[in-house]
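First listed ligand is number 1; within each ligand, the first listed atom is number 1. Start at 1 with the first residue, then count along the sequence.
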Amino acid sequence: MDLHFPIELKKSVIAGTGAYALKAITAKKKIGNMTGEIISYKEAQKRVKKQPGNVLFMVEFDNDDIALDASVNSNELRFINHSCDPNVYMRRAYQKVEYYALRNIKKGEELTCDYGETHHEGTLPCKCGAMNCRGFI
Ligand SMILES: [Zn+2]
């Protein structure tokens, strides 16, 4: 099973569609795996070039020469928005992209993750609204 907690998709307070916890999640609990297609790093670069912007959600793995294209066969976790003050963290290991609760998350809270450099290389203005917002993603 890819989702360990029920997640609801609805309009985000940050950007576009957001992922919301339908149940309280205790800190450090695994929320689930992000589904997608495992492809080579080369193929990932090709796809990113073809479709710039927010449509694609590509996760690169540091150790292997692969990436996960989460715009294919994606699940709710693909809609977790970036925040500079997140409540979720992402772990990439063994060709899996796992999400864990960084702290206790209340029922109805929007799930957010600090995608840092993995995302847009600091060129997109950040709208997360956190006190410690870095201003760019
Ligand atoms: Zn921010």
Electrostatic pair R47-E37, nearest N-O below 4.0 angstrom: yes
Note: K23-E8 ion pair, threshold 4.0 Å (strictly below): no
Opening angle at the Zn ion (ligand 1) [SG, C84; SG, C128; to 10 degrees]: 110°
Angular separation of SG (C126) and SG (C133) seen from the Zn ion (ligand 1), to 10°: 110°
N, O or S atom of H82 closer to the Zn ion (ligand 1) than 2.8 Å: no
Output field: ring centroids Y20/F79 closer than 6.0 Å: no
I14-L77 co-clustered via ILVMFWY side chain contacts under 4.5 Å: no
